[in-house]
Novice: 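Below you will find the structure I want to go over with you.
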Amino acid sequence: MKSRFAPSPTGYLHIGGARTALFAWAWAKKQQGDFVLRIEDTDRERSTQVSVDAILDGMNWLGLDYDEGPFYQTQRFERYKAVIQQLLDEDKAYYCECSKERLDNLREALMAKGEKAMYDGCCRDKALTSGHHKVVRFKNPMNDMVIFEDLVKGKISIANKELDDLIVARSDGTPTYNLTVVVDDHDMDINHVIRGDDHINNTPRQINLYQALEWDLPEFAHLPMILGSDGARLSKRHGAVSVMAYRDAGFLPEALLNYLVRLGWSHGDQEVFSLAEIVSLFDLKDINKAPASFNEEKLLWLNQEYIKNATPEYLVKHLQWYLQHQKINTDNGVDLALVVASLQQRSKTLLEMVEGLKMFYQDFDVFDEKLADKQFKDKAPLEALMKKLSQLEVWKADEIKGIIKQVCDELALGFGKVGQPFRLALSGNGNAGSIDLVAELIGKATTLKRLKKAVDF
Ligand code: GLU
């Protein structure tokens, strides 16, 4: 069993592409087969190295490892040329000299009659030889039907008379998508072609090519498209659609993979799947025929679940990229894993976590003015805390909590009237968890320094 992911490097790896890659990957892994990555870069005007890198980065970040590849179609031109020549030699393809003008007129005339725009086979029997401005067209069978059993969509059939003679080589000799994809899937022994259903109309044409070349057909599985919240096909208009934009926004790769696997596939009403479960439970037959809807809320919920349930050490590993990016050095402060553990239950994203952990490693310049106006009005609680905490010898959350209680009792104030200004004093923005634990982790010296800063303010 071998499947593949065959992106065209004309942009970043987007949500739809990643979902296709994941399904093809999971199906191969489930059957102990191989997964191949192939970069379809024959469109030289639109393909860029930046996009190739973005695809490789995205696959790497998601952990979708490939057993073979990446293969590049631009390195296989000789092979495509040979196949095109074989088709010509066997009279299964022909040179066509129809001008753009003629084809435009033909299209317009057909459309005016309400008919499908199709090439009329004008050069099919002219037996033209090669030459400038000539394309090569495949002799699509004129009769019979193409019938195949799609593993997702079921039986699909189309009459050959609905299909025109496909261009397999452009006038500059470069091969076209339908030709290269067939040659590659055959040469790379791909027996499961899993891809987006935007290619479903190409499949009958590709099947005809396989047959002309007397090659075994693979199985085909066309995945339903992904819609945005407004019911239109998911696109940039709906916000972030690039996989790496989700990394940047603080998502864990497992959360995104878990979210992606549910886009068009389900297993009962289970929502949370480990990678191992994805591999063992995934089945093409459980893919929905109907389009899937992208729901960012649900992705956020899943991310939060993964953050809550991860080990702090694991999160520390994933935080490194953000810390470097924001130039936050945690080497000289409290153990990051302890801080992470204190933030895990309250962070929906790793970015939120980074916001929350800054105060443990960096001083802030100013207090949130609105909050400070309210919470620092009475400085008695801050002064009392400062005095008592400076005498505290065992710097532990429980002891610190004891001091807060003492201050509350002495000033006859509720816990909030002391805890809130304390939290603001330590965080600068009030955005912090359990204040006794925060104070413990921040350490005695910094706690006292920030209390003083609050009193002075
Ligand atoms: N390169 C094509 C694309 O990115 C996919 C080809 C295929 O999966 O057959 O849309």
Side-chain angles (χ1 to χ4, degrees), residues 1-28 34-56 58-59 64 66 68-77 80 83 138 146 148 150-153 156 166-168 170 174-210 213 215-226 233-236 241-243 260 264 284 287:
M1 187 300 122
K2 221 189 219 186
S3 67
R4 51 45 164 203
F5 176 49
S8 305
T10 54
Y12 40 66
L13 178 63
H14 56 81
I15 291 291
R19 197 267 315 247
T20 301
L22 171 61
F23 282 19
W25 177 90
W27 190 234
D34 285 337
F35 175 61
V36 175
L37 177 64
R38 182 171 75 230
I39 305 291
E40 302 208 324
D41 54 352
T42 51
D43 183 344
R44 283 170 153 165
E45 272 172 27
R46 294 177 60 224
S47 302
T48 64
Q49 187 58 40
V50 173
S51 298
V52 172
D53 293 342
I55 290 166
L56 298 180
M59 296 289 285
L64 296 177
Y66 29 93
E68 290 176 31
F71 296 114
Y72 294 85
Q73 288 192 322
T74 41
Q75 291 172 4
R76 292 177 43 78
F77 275 134
Y80 307 134
V83 174
F138 170 61
V146 184
F148 69 101
D150 187 272
L151 295 178
V152 175
K153 310 259 173 183
I156 292 185
L166 176 80
I167 296 177
V168 287
R170 301 181 188 92
T174 57
T176 57
Y177 158 71
N178 280 300
L179 186 281
T180 58
V181 79
V182 167
V183 174
D184 284 353
D185 284 338
H186 168 262
D187 287 4
M188 295 169 193
D189 294 324
I190 305 296
N191 45 28
H192 281 77
V193 170
I194 300 169
R195 61 184 169 203
D197 66 4
D198 48 333
H199 285 292
I200 204 157
N201 291 336
N202 289 319
T203 307
R205 297 173 175 286
Q206 292 174 13
I207 289 175
N208 282 333
L209 274 169
Y210 274 100
L213 290 159
W215 290 342
D216 288 340
L217 283 175
E219 301 276 3
F220 291 97
H222 288 90
L223 308 177
M225 63 173 145
I226 303 171
R233 191 190 192 91
L234 187 70
S235 73
K236 276 187 217 157
V241 286
S242 126
V243 163
L260 291 174
L284 290 176
I287 294 177

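FYI, side chains are in, hydrogens and waters are out, and symmetry mates aren't considered; it's all heavy atoms of this structure. Whatever order the structure lists them in is the order used to number ligands and atoms, beginning at 1.
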Novice: Both conditions, 6.0 Å and 45 degrees, for the charged tip of Arg19 above the ring of Phe23: are they met here?
Specialist: yes
Novice: With sequence neighbours left out, write down each residue that passes salt bridge (Lys or Arg N to Asp or Glu O under 4.0 Å) with Arg195, or none if nothing qualifies.
Specialist: none
Novice: Enumerate the protein residues lying less than 4.0 Å from ligand 1, judged by heavy-atom distances, in chain and residue-number order.
Specialist: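 These residues qualify: Arg4, Ala6, Pro7, Ser8, Glu40, Tyr177, Val181, Arg195, His199.
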Novice: Tell me every residue that passes salt bridge (Lys or Arg N to Asp or Glu O under 4.0 Å) with Glu219, counting only those two or more places apart in sequence or in another chain.
Specialist: none
Novice: Quick one: salt bridge (Lys or Arg N to Asp or Glu O under 4.0 Å) partners of Asp43, sequence neighbours excluded?
Specialist: Arg46
Novice: Would you give the length of the straight line joining atom OG1 of Thr20 to atom CG of Asp197, rounded to the nearest 0.5 angstrom?
Specialist: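 Between Thr20 OG1 and Asp197 CG, I get 9.5 Å after rounding to 0.5 Å.
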Novice: Return the orientation label for the His222 and Phe220 ring planes: parallel under 30°, perpendicular over 60°, tilted otherwise.
Specialist: parallel
